[in-house]
Amino acid sequence: MARLSSFFVAILTLTPTAYSRHLRASKVFLDGRQVQNEYDYVIIGGGTAGLTVADRLTEDGKTTVLVIEYGVLSEAASLTTVAGGFSGMSDSQFMYDIRSVPQVNLRNRVISVLAGKVVGGSSAVNAMMTIRGTAEDYDRWGAFFGKNSHWTWEGLLPYFKKALNFVPPNADITRTANITYDTSFWGNTSGVYAGWPSYQFPATTAQMEAFKGLPGVEIASDSGSGVPGVYWYPTFMDPKTVLRSFAKTGHYDNVKRANYHLVTQSKVTKIVLDGTTATGVSFVPAPARGQPGNTAAPVTTVTARKEVILAAGGVHSPQVLQVSGIGPKKVLSAAGIDTIVDLPGVGQNFQDHGMISASFQFARIPQSARPSSDDLRTNRTLSTWSSQVWAANRTGPNSIATGNSAAWLSFPVISPRSAKLSADLAAQNHAAYLPTGSDPTVAAGYRAQMLSYASALSNNNTAFYNLVLQGGSASGLLVDLHPLSRGTVNVNPANPHNTEPQVDYRALANPLDTTIMGDIVRFTRKYYLDNPKTKDWGGREVSPGASVTTDEQLATFLSSSLSPSVYHPAGTCAMMPLELGGVVDEELKVYGVKNLRVVDASVIPTLPGANTCQTVYAIAEKAADLIRYGAPKV
Ligand SMILES: Cc1cc2nc3c(=O)[nH]c(=O)nc-3n(C[C@H](O)[C@H](O)[C@H](O)COP(=O)(O)OP(=O)(O)OC[C@H]3O[C@@H](n4cnc5c(N)ncnc54)[C@H](O)[C@@H]3O)c2cc1C
Ligand SMILES: *[C@@H]1O[C@H](CO)[C@@H](O)[C@H](O)[C@H]1NC(C)=O
Ligand SMILES: *[C@@H]1O[C@H](CO)[C@@H](O)[C@H](O)[C@H]1NC(C)=O
Ligand SMILES: *[C@@H]1O[C@H](CO)[C@@H](O)[C@H](O)[C@H]1NC(C)=O
Ligand SMILES: *[C@@H]1O[C@H](CO)[C@@H](O)[C@H](O)[C@H]1NC(C)=O
Ligand SMILES: *[C@@H]1O[C@H](CO)[C@@H](O)[C@H](O)[C@H]1NC(C)=O
């Protein structure tokens with residue numbers, strides 16, 4: 001590994017305390033004037049996927065890479081603290097400030113669009129739930145391309161294993177909490193860890209047990225096994241330090257290579273094209289939070305000898321393409337941008353998971369299932385103990401992020417009308433639920449997706465239902481894993497270059513979403529309140545409330561409280577055939593442009609039934625091989 005002392009002189013404008021740790025690592029710049037003129041690869045966005053790809057491409061010690069990141073490089077405790085899982089996203093300095101357009105089916109509510117703005121991207125601020133989808137979720141991607149695609153469960157499993165370093169829970173907690181896992185679904189070489197807390201509330205285990213015996217519910221041996229069911233899953237946490245493990249810690253901090261450069265606080269304004277070949281990237285100093293871009297800011301342009309790799313995430317990658325002249329001609333013309341490549345899918349097919357704000361409380365959790373997470377809030381002896389063991393040994397409840405057990409269930413298991421909804425979805429005039437004037441290729445892609453979901457609604461291979469167990473009273477964390485509605489992320493026509501894009505979830509645009517979510521609420525009721533294993537827990541439905549029972553009442557509840565986002569923006573640069581509205585091909589190359597790939601959550605064609613971070617790591621690992629070797633190689 002190269003010694004980097006000669007590079008330190010380049011770091012003139014840094015504040016010593018914030019950056020001294022990283023002077024030993026790869027070269028970091030604060031100012032565009034310090035970067036080289038040329039690199040082999042220029043990566044836009046130092047987030048989850050961007051840093052993973054940069055690490056792999058520079059492994060040979062020769063290939064030169066520049067990563068350009070909008071946010072800062074930070075050691076803040078808010079990013080690394082695991083307790084509760086929300087401290088990163090609560091620190092506004094590391095989050096973009098984006099609000100959706102008013103949601104017409106949600107009483108014109110405006111939704112906060114959360115995404116990480118810091119080195120590490122959303123992996124630095126997420127809730128650390130470490131989950132992958134079912135095998136059918138990934139086979140669906142390949143099926144859009146026909147029979148021979150390598151974008152399948154089999155084709156991704158080696159990259160799921162490569163992406164994370166699984167460290168099993170300690171023997172004590174494994175036994176007392178009844179945790180099951182199977183290391184054959186995991187790897188142990190990555191710098192990004194999947195670890196486990198050293199404590200679980202006995203009430204969590206009891207809530208897991210309460211799923212056993214419900215008709216059709218399978219208990220999976222491991223969260224990585226690719227089947228729906230109820231199971232335990234790890235946390236994006238290094239178990240040695242009990243700190244968040246993320247793209248920065250795994251793919252930057254400990255990588256000491258002279259050929260790996262990172263420039264922070266820099267906003268990419270454009271992909272430079274020579275005809276339809278990507279040749280470089282332009283960027284400016286990132287404007288301060290709340291400030292519009294500065295049109296007089298000094299522009300730096302770097303050349304990419306081999307490729308430009310766009311990894312700005314589900315919200316910003318379509319914006320970067322559109323401002324560079326790659327996107328739907330109608331959208332670009334309205335914003336006064338010259339169209340270089342008319343690519344109708346850019347910014348369309350926008351998806352996120354929907355969060356239903358159901359809430360249940362329990363008055364009499366039996367002693368055998370105590371302490372519960374409620375006790376931690378109400379019992380001083382317990383909370384004092386919790387603080388003491390954390391301070392002494394970094395153990396106890398503070399080592400838990402958002403939890404480690406949940407149900408991920410197929411639709412036939414939760415609803416008696418799966419066959420009917422499946423038939424209704426297949427029979428829809430799908431295009432009617434897209435924005436008017438959607439391109440025919442985008443409509444064809446939507447139809448292909450809906451037909452795939454119609455079949456999934458009536459089988460038991462795709463999870464639609466997700467309830468995260470909280471070891472006590474529960475609110476939120478009830479999720480629709482496959483919303484049918486599709487939104488858009490397009491540049492703001494009034495100011496495409498210096499404002500955030502217009503994010504429209506188009507929540508509940510497809511009316512079947514309301515029906516599906518209604519059944520998700522009904523099943524949750526049955527599980528919590530009409531379950532032989534927990535019926536003496538004194539359960540009470542706080543929200544939506546026992547009187548909200550008919551389809552119409554549930555629809556009203558959803559319109560007033562649904563969140564169309566669990567912060568998993570995806571699909572806006574979809575990997576789909578061009579004739580199905582795709583933006584990138586199976587090699588993640590942008591259609592119609594040479595030397596440009598997209599590698600991040602935006603290429604996900606249909607969301608997996610899982611939180612998205614593990615999937616993004618696997619996509620990035622696979623992309624690195626496609627870039628280096630021209631084919632998957634594991
Ligand atoms: C609050 C929150 C909670 C979440 N919880 C979970 C969870 O518990 N489990 C889970 O699996 N997933 C979770 N996710 C989702 C998961 O973290 C993301 O899907 C994943 O990290 C996305 O990776 P990405 O590479 O696509 O984008 P990101 O990691 O967001 O990276 C994009 C990067 O590009 C940079 N960028 C954007 N535009 C520009 C520009 N113009 N110039 C330069 N740089 C730019 C950004 O600053 C960012 O660093 C959560 C996400 C959030 C926001
Ligand atoms: C642990 O799981 C086994 C197998 O399902 C079950 O029989 C046992 O009751 C569980 N133990 C606890 C404490 O829940
Ligand atoms: C890592 O995985 C390999 C192969 O599965 C196994 O042989 C080895 O013991 C594991 N190492 C550690 C430290 O767990
Ligand atoms: C799916 O599970 C449900 C509930 O257990 C069951 O009734 C149904 O037969 C299963 N369907 C298939 C296709 O296996
Ligand atoms: C509070 O917690 C302590 C430690 O778990 C326990 O011994 C005690 O019984 C609890 N008190 C109440 C009132 O539940
Ligand atoms: C911390 O761990 C040590 C070793 O296991 C143990 O002896 C000690 O009691 C623990 N401290 C607290 C406060 O629990």
Side-chain angles (χ1 to χ4, degrees), residues 134-136 139 169-182 197-223 225-232 239-242 365-372 376 381-399 404-423 425-426 452-465 469 471-472 481-482 516 519-520 522-523 526-527 531-534 536-537 609:
T134 66
E136 189 167 270
D139 290 345
N170 76 47
D172 262 6
I173 192 66
T174 303
R175 190 175 18 85
T176 56
N178 228 7
I179 296 173
T180 57
Y181 61 87
D182 179 348
S198 49
Y199 181 84
Q200 294 291 342
F201 295 103
T204 305
T205 301
Q207 288 181 329
M208 287 288 279
E209 286 297 310
F211 268 108
K212 295 183 183 170
L214 294 187
V217 174
E218 303 287 335
I219 310 297
S221 64
D222 190 279
S223 66
S225 65
V227 296
V230 176
Y231 42 72
W232 293 90
K240 286 189 297 298
T241 55
V242 201
I365 300 180
Q367 277 309 321
S368 61
R370 303 279 282 277
S372 68
L376 188 64
T381 316
L382 188 67
S383 59
T384 303
W385 167 82
S386 169
S387 306
Q388 278 167 352
V389 297
W390 176 255
N393 293 326
R394 301 180 79 76
T395 56
N398 283 337
S399 66
N404 299 87
S405 62
W408 315 80
L409 304 177
S410 65
F411 203 67
V413 168
I414 69 145
S415 168
R417 51 178 172 172
S418 59
K420 172 163 193 329
L421 294 198
S422 167
L425 179 56
S452 174
Y453 280 145
S455 129
L457 273 171
S458 60
N459 75 31
N460 291 322
N461 307 322
T462 291
F464 278 78
Y465 175 91
L469 299 175
L481 294 171
H482 292 290
I516 288 170
D519 284 1
I520 286 176
R522 289 186 173 110
F523 178 81
K526 200 154 72 181
Y527 163 72
N531 183 328
K533 296 225 173 92
T534 53
D536 55 350
W537 284 30

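Counting starts at 1 for both ligands and their atoms, in listed order. Nothing here was measured: the structure is a model prediction, and the numbers come from that model.
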(message) Rounded to the nearest 0.5 Å, what separates atom CG in D139 from atom OG in S452?
(response) 10.0 Å
(message) Is it the case that ligand 6 has an N or O less than 3.5 angstrom from some N or O of N393?
(response) yes
(message) Could you check whether any side-chain heavy atom of F211 comes within less than 4.5 Å of a side-chain heavy atom of Y527, counting everything from C-beta outward?
(response) yes
(request) Compile the protein residues with any heavy atom at a distance under 4.0 Å from an atom of ligand 4; present them by chain, then by number. (result) G216, P412, N460
(message) Strictly distance-based, threshold 3.5 Å: is any side-chain N or O of N531 a donor or acceptor partner for the main-chain N or O of A210?
(response) yes
(message) For K212, state whether at least one heavy atom is located under 4.0 Å from any atom of ligand 2.
(response) yes
(request) Mark yes when over 12 heavy atoms from residues, nucleotides or ligands other than E209 sit less than 6.0 Å from its CD; otherwise mark no. (result) yes
(message) To the nearest 0.5 Å, what is the distance between CD1 on I516 and OG on S418?
(response) 10.5 Å
(request) To the nearest 0.5 Å, tell me how far D222 CG sits from I179 CD1. (result) 11.5 Å
(message) Students often mix this up, so state it plainly: with edges at 30° and 60°, are the rings of Y231 and W408 parallel, tilted or perpendicular?
(response) parallel
(request) Would you mind reporting whether M208 and W232 have side-chain heavy atoms less than 4.5 Å apart? (result) yes
(request) Go through ligand 2 atom by atom and flag the ones less than 4.0 Å from a non-hydrogen atom of T205. (result) 14 (O)
(request) May I ask you to check if ligand 2 and T176 share an N or O to N or O distance below 3.5 Å? (result) no
(request) Please identify which atoms of ligand 6 are closer than 4.0 Å to at least one heavy atom of V389. (result) 14 (O)
